[in-house]
Every structure is written in structure tokens, then in C-alpha cells.
Amino acid sequence: MALTALLSVSDKTGILEFAQALHGLGAKLLSTGGTAKLLADNGLPVTEVAEHTGFPEMMDGRVKTLHPKIHGGLLARSDLPEHVAAMQQHGITRIDILAVNLYPFEATVAKEGCTLEDAIENIDIGGPAMVRSAAKNWKDVTVLTDAAQYATVLEELKSNGRTSDKTRFACSVAAFNRIAQYDAAISNYLSALQEDGSKAEYPAQMNATFVKVQDLRYGENSHQTAALYRDLYPAPGSLVTGKQLQGKELSYNNIADADAAWECVKSFEVPACVIVKHANPCGVAVAANAAEAYAKAFKTDPTSAFGGIIAFNREVDGAAAQLVSKQFVEVLMAPSFSAEALEIFKGKVNVRLLQIALPPGGPRPWDQGRNAGDSKRVGSGLLLQSADNHFLKREDLKVVTTLQPSAQQLDDLMFAWTVAQYVKSNAIVFCGGGMTLGVGAGQMSRLDSARIASIKAQHAGLTLQGSAVASDAFFPFRDGLDVLADAGATCVIQPGGSVRDDEVIAAANERGIAMVLTGVRHFRH
């Protein structure tokens with residue numbers, strides 16, 4: 001018995017070739033509107049759905065496939081005699097193949113100036129209804145919602161005269177996933193609309209869609225299960241767009257730390273290296289090339305760098321690879337690796353190499369970070385916030401001390417401020433000469449973070465004399481400032497905003513420290 005295929009697509013990519021191949025296999029073609037015209041114009045025998053159902057298309061195309069001859073043909077089970085009898089009684093033809101993609105709702109609402117009327121008219125009704133019917137009856141119907149599926153289906157039809165159970169079920173799952181994504185987009189858009197017609201930043205109902213990338217061996221600890229998911233449409237240059245070139249499978253902690261390292265290194269326009277351990281940068285540096293940047297970053301804290309995650313924003317060449325290969329590294333990331341670098345790491349089979357393209361146009365500090373925003377689960381709830389991608393310009397700085405920072409000090413302060421954004425709060429970061437010198441992270445007291453940063457620099461054999469310091473939030477008392485001065489710092493960048501700002505500024509003047517305020521903080525929990 002010849003197959004019957006119903007083709008009704010908004011995106012017509014590949015549909016003509018698919019229809020031609022189906023016709024060549026003896027299939028009867030049903031279609032609607034523009035798709036039917038395309039097929040007919042190219043000489044294919046196609047039956048309009050209105051002719052097939054005996055019911056005219058109406059209401060500007062809103063009603064055309066919502067008919068028992070369509071849904072009966074999609075839903076009838078071939079293994080149930082009563083279904084077969086009902087089809088014969090009512091003249092319903094079985095539909096074996098359904099190819100449908102939906103009105104472009106997501107693309108429509110993404111356009112500047114999209115009106116509610118535009119959005120409503122791009123909500124597909126007949127398409128999702130048909131897809132759901134076909135997907136439910138996957139044992140009898142092959143439902144295609146993506147042009148990428150056409151080739152596999154044609155190959156099986158040519159070889160076996162029908163599609164396999166495995167393929168039909170996979171297509172069914174993909175179809176239900178597509179409908180879920182489509183409905184989620186509609187819900188997100190409509191529930192964000194306010195009475196005055198404006199759009200709320202956060203919709204009344206949040207429907208997030210993620211696609212599983214892989215299961216993980218375990219979670220943060222070995223008794224926890226875990227998996228990695230990505231956004232349906234991941235941002236260019238994000239970690240999940242990367243390709244693993246070699247090494248063991250990534251673990252939950254590897255991925256979390258790799259994301260922290262990659263987001264930090266992307267924020268620099270010049271060659272940079274970031275070493276992360278337990279979600280905190282333990283060494284960051286900029287230099288003329290990748291090898292020099294790594295050498296400087298490693299000096300900050302060689303002890304913590306052991307077993308760390310390393311990220312570069314430039315190609316890892318042979319010179320950089322030679323240096324990195326001398327230490328124990330869990331993950332190494334870069335936009336590319338030279339042939340020499342790959343050869344060097346070939347012998348270190350457990351080292352995970354990730355190649356990740358930088359965002360189009362290269363690193364741009366003003367729009368780096370988690371541009372889609374951040375989320376965090378709480379007990380039976382979800383916290384959402386916009387991305388912390390504030391770009392600080394030099395003209396935004398306010399010098400509040402008698403002593404003015406020099407040009408070199410301003411360079412060091414801006415570097416320190418960039419690093420501090422990626423250090424867990426409370427964060428204190430000593431820097432100098434384009435590298436971190438001491439990092440204090442994640443303490444309950446800013447004073448303790450300052451002390452720890454100083455101690456770590458001392459243990460690494462680095463001097464803090466003449467260093468620049470960034471604090472991710474204001475100093476609540478002068479004691480933290482005194483610790484920095486005692487360590488040798490000569491300039492500080494901090495948000496300001498404390499009720500004791502005058503006291504802290506006075507202390508800076510007293511200790512001969514230049515201080516600039518940013519007016520914005522960078523808490524990171």
C-alpha cells in the first residue's frame with residue numbers, strides 16, 4: 001500500500017527535495033497553502049488538504065487541518081480493528097508521514113517592535129495539534145518537526161519501505177519536545193505583558209528549556225547524581241558550545257570551575273590566562289602572549305594551581321603547552337591549540353582539553369558574563385537575576401583621596417577590578433604588573449579576606465609593595481584598609497557606599513593610599 005504524507009511547513013528548507021523523494025517512492029502527497037503551491041509549481045502531484053477533507057480553508061487559514069479526516073488519519077491505530085472499521089466507515093485515509101514545522105512565534109516576538117497582534121497571529125494551532133496527534137500514534141506515524149530528520153527517514157524508506165520503531169519513537173519524542181518549547185515561549189511572552197502593553201523583565205511564569213548534553217559520573221560529591229544540560233539556544237562563546245579534544249569525561253566540579261575560568265578569561269581583550277580552583281581564580285595575568293600570561297598567573301599561587309582549571313583567551317601554542325604540561329592540570333581551555341601543543345598533551349591522556357570559540361567579534365568586556373542572567377535554586381523555588389556584566393569605564397571612576405593614582409596604577413586597578421568580579425565574596429584582590437599577587441575569597445569578613453590575600457602572597461614569595469587592590473564591596477571599617485596598607489598596597493579600588501566612607505577615605509589619606517570609587521559592587525555568591 002502506498003504511503004500518504006502530509007507536508008505543511010512554515011520553514012520550507014529541504015521540503016521540496018523531501019517531497020520529490022517521497023513521490024519517487026510512490027507516496028501520495030497532501031499539503032496546505034504555501035507548501036502545496038511550492039510542490040505544485042515544481043511539478044509534483046499534490047492534493048490540497050481542503051480537497052482531501054471536503055471542507056474549505058477559512059478564517060485566514062486559522063481553520064484548515066482541524067478536521068476528523070486529518071486527525072483520524074493521524075490517530076487511528078492499525079492494530080485495533082475498531083479503529084480500522086471507523087476509518088473505512090467515514091472514508092478516512094491513514095496518514096503515514098507528517099512533516100510540520102510551526103509558525104515562527106519565537107522569531108516574531110524577538111523582533112524589535114513586535115506587537116501583541118503580531119505575536120497572536122504567529123501562534124500556530126493546527127500545526128501543534130497535528131504534531132501531537134502524530135506523535136501520540138508513533139507506532140503508525142512518522143512525525144517530522146525538523147528538516148534535519150528528512151535524510152534519515154528517506155534512507156529507511158528506501159531500504160525497508162517503512163521507518164523503524166526506533167526512528168518513529170525518536171521522532172515522537174523530538175516532536176513533543178518541540179511542542180513543549182513552543183508552548184513555553186508563548187507562555188513566557190504572554191505572561192510578561194503588562195496592562196500598559198510594556199513587557200516585564202521577568203514573566204509571571206518562567207518556563208525554561210534545557211537540552212541534556214550528558215550524564216555525569218556523579219555530582220559535587222560521589223554520593224550525588226548529576227547531568228549537564230545546555231540552553232536550547234546557547235550563547236556563542238559559552239562553555240557548553242565547546243568541543244572536548246581529549247581527556248577523561250568532565251565531572252560536575254570540572255564543569256563548574258571551567259565555567260568560572262572561561263567567563264573570567266573572556267573579559268580581557270589582551271592575551272590572558274586564568275587559573276581557577278574551587279570556583280575562585282587563584283591566578284590571573286595578562287601579557288604579550290599565552291606563555292607569558294600563564295607564567296605570571298602561576299606565580300600568584302603555585303600551591304592552589306595544582307590540579308586547577310586553566311583558561312586562555314588566545315591559542316595555546318607550543319611554548320604555553322610546554323609550561324602548562326609541567327603542572328598537574330584537570331582542564332585546559334582555549335579558543336584553539338596548535339599542532340605542537342596537541343602533540344605535547346597527547347601523552348597526558350587524562351588532561352581534558354576544551355576548545356571553545358570566543359564570542360563573535362572577539363572578547364568584549366561590556367557584554368561578557370552570563371548574558372542570559374543567573375539562576376539559583378532555593379527550597380522549592382528559583383532565584384533569577386540579570387547578568388553581572390557591568391562594564392566599568394575609566395571615566396566612571398571617582399578619585400576620593402588627596403593622592404591621585406598614576407596611569408600605571410589605574411591600569412593595575414582596572415585589572416584588579418575585573419578579576420574581583422569573578423572572585424567569591426568577600427573578595428580582596430592584590431595586583432601589580434598585569435598579574436594577581438594575592439587573592440582573598442569567600443570569607444565572612446572582608447578583613448579576613450584582606451589578611452588571607454596578604455598571607456597567600458607572602459607564601460608565594462611575592463611582594464605587595466606598590467600593589468593595587470580591588471575590593472568587590474565597600475569597606476565597612478578602616479581596619480581592612482589598614483591591612484592593605486600594612487601589606488604594601490599604594491592604591492585601592494572599591495565601590496564606596498558605606499556609612500563610614502569618610503572614615504575609610506581619611507584612613508587612605510593618612511596611609512598615603514590613592515583610592516577610587518566605582519559606585520557599583522560585584523558580589524558573587
Side-chain angles (χ1 to χ4, degrees), residues 257-287 292-301 304-305 308-314 333 363-366 368-370 387-394 396-397 405 408-443 446 449-450 452-454 456-457 460 462 464 466-473 484 487 489 491-495 516 518 520-525:
D257 287 350
D259 184 58
W262 184 246
E263 292 299 325
C264 183
V265 84
K266 284 196 303 181
S267 65
F268 295 100
E269 294 183 308
V270 296
C273 174
V274 175
I275 306 175
V276 163
K277 192 71 172 289
H278 294 300
N280 277 301
C282 60
V284 181
V286 294
E292 290 179 15
Y294 167 76
K296 292 167 68 175
F298 183 76
K299 286 180 184 177
T300 302
D301 191 350
S304 296
I309 309 292
I310 302 176
F312 292 89
N313 64 354
R314 294 292 190 276
M333 293 169 286
R364 295 169 294 175
W366 53 90
Q368 293 306 309
R370 294 162 177 78
D388 182 11
N389 55 9
H390 177 270
F391 176 55
L392 182 69
K393 301 175 183 177
R394 292 203 181 198
D396 297 331
L397 299 176
Q408 180 59 57
Q409 285 178 321
L410 283 174
D411 286 343
D412 288 337
L413 289 171
M414 293 295 287
F415 173 81
W417 183 250
T418 300
V419 175
Q421 180 178 349
Y422 298 94
V423 177
K424 298 286 187 180
S425 301
N426 288 309
I428 294 290
V429 182
F430 285 86
C431 296
M435 64 176 283
T436 49
L437 301 170
V439 179
Q443 299 304 303
R446 190 161 302 279
S449 286
I452 289 171
S454 177
K456 291 181 79 67
L462 300 173
L464 297 180
S467 61
V469 179
S471 173
D472 65 344
L484 306 184
C491 56
V492 173
I493 185 169
Q494 57 119 336
V516 299
T518 66
V520 61
R521 76 180 187 195
H522 279 308
F523 273 166
R524 185 180 179 87
H525 290 100

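As a basis for the values below, the full set of heavy atoms in this structure was taken, side chains included, without hydrogen atoms, waters or symmetry mates. Start at 1 with the first residue, then count along the sequence.
Listed by chain and number, the residues in a salt bridge (Lys or Arg N to Asp or Glu O under 4.0 Å) with K456 are D301 (sequence neighbours excluded). When the ring pair (Phe, Tyr, Trp, His ring centres under 6.0 Å) test is applied to W262, no partner is found at least two apart in sequence or on another chain. Residues passing the side chain to side chain donor-acceptor pair (under 3.5 Å) test with N280: none are found, sequence neighbours excluded. Every residue two or more places apart in sequence or in another chain that forms a side chain to side chain donor-acceptor pair (under 3.5 Å) with S425 is listed here: D472. Here S471 pairs with R446 under the side chain to side chain donor-acceptor pair (under 3.5 Å) rule; sequence neighbours left out. With sequence neighbours excluded, the residues forming a ring pair (Phe, Tyr, Trp, His ring centres under 6.0 Å) with Y294 are F298, listed by chain and number. Residues satisfying the side chain to side chain donor-acceptor pair (under 3.5 Å) test with E292, not counting sequence neighbours, are N289. Residues satisfying the side chain to side chain contact (heavy atoms under 4.5 Å, CB included) test with A293, not counting sequence neighbours, are C273, A287.
Atoms CD1 and CD1, from I275 and I309 in turn, are 11.0 Å apart once rounded to the nearest 0.5 Å. One distance of note links OG1 of T518 with NZ of K393; it measures 15.0 Å at 0.5 Å rounding.
Between A260 and A279, the shortest heavy-atom contact is CB-O, 4.0 Å. The two residues W417 and H522 have their closest heavy-atom pair at CZ2-CD2, 3.3 Å. For N313 against A272, the heavy-atom pair with the smallest separation is OD1-N, 2.8 Å. When every heavy atom of K296 is checked against every heavy atom of A285, the shortest pair comes out as CB-CB, 3.5 Å.
Not one N or O on the side chain of N426 forms a donor-acceptor pair closer than 3.5 Å with the backbone of G442. A donor-acceptor contact shorter than 3.5 Å is absent between the side chain of S304 and the backbone of C282. Side-chain atoms of Q421 never come within 3.5 Å of backbone atoms of V419 as a donor-acceptor pair (strictly under, hydrogens ignored).
Annotation: side chain of I493 is in contact with side chain of L392 (closest heavy-atom distance under 4.5 Å). Looking only at side-chain heavy atoms (C-beta outward), S454 and L464 come within less than 4.5 Å of each other. Residues S267 and F391 are not in side-chain contact: their nearest non-hydrogen atoms beyond the backbone lie 4.5 Å or more apart. Residues V276 and C264 have side chains not in contact (no heavy-atom distance under 4.5 Å, counting atoms from C-beta outward).
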- Begin from the C-alpha positions of V270 and F415 and carry the test side chain to side chain contact (heavy atoms under 4.5 Å, CB included) through to its verdict. CA-CA 11 Å; V270 296; F415 173 81; over 6 Å; no
- Item | Worked check of side chain to side chain contact (heavy atoms under 4.5 Å, CB included) between D388 and R524 | CA-CA 9 Å; D388 182 11; R524 185 180 179 87; over 6 Å; no
- Task: Kindly determine whether L397 and L410 satisfy side chain to side chain contact (heavy atoms under 4.5 Å, CB included), including the steps that lead there.
- Result: CA-CA 10 Å; L397 299 176; L410 283 174; 3.9 Å; yes
Could you tabulate the donor-acceptor pairs under 3.5 Å formed by side-chain atoms of residues 427-438, not counting sequence neighbours?
from, atom 1, to, atom 2, distance (Å)
T436, OG1, V284, N, 2.9
T436, OG1, V284, O, 3.3
T436, OG1, T300, OG1, 2.7

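Among residues at least two apart or in separate chains, there is no salt bridge (charged side-chain N to carboxylate O under 4.0 Å, His left out) pair with a member in residues 423-441. Evaluation of the salt bridge (charged side-chain N to carboxylate O under 4.0 Å, His left out) test over residues 409-418, restricted to residues two or more places apart or in two chains, returns R394-D411.
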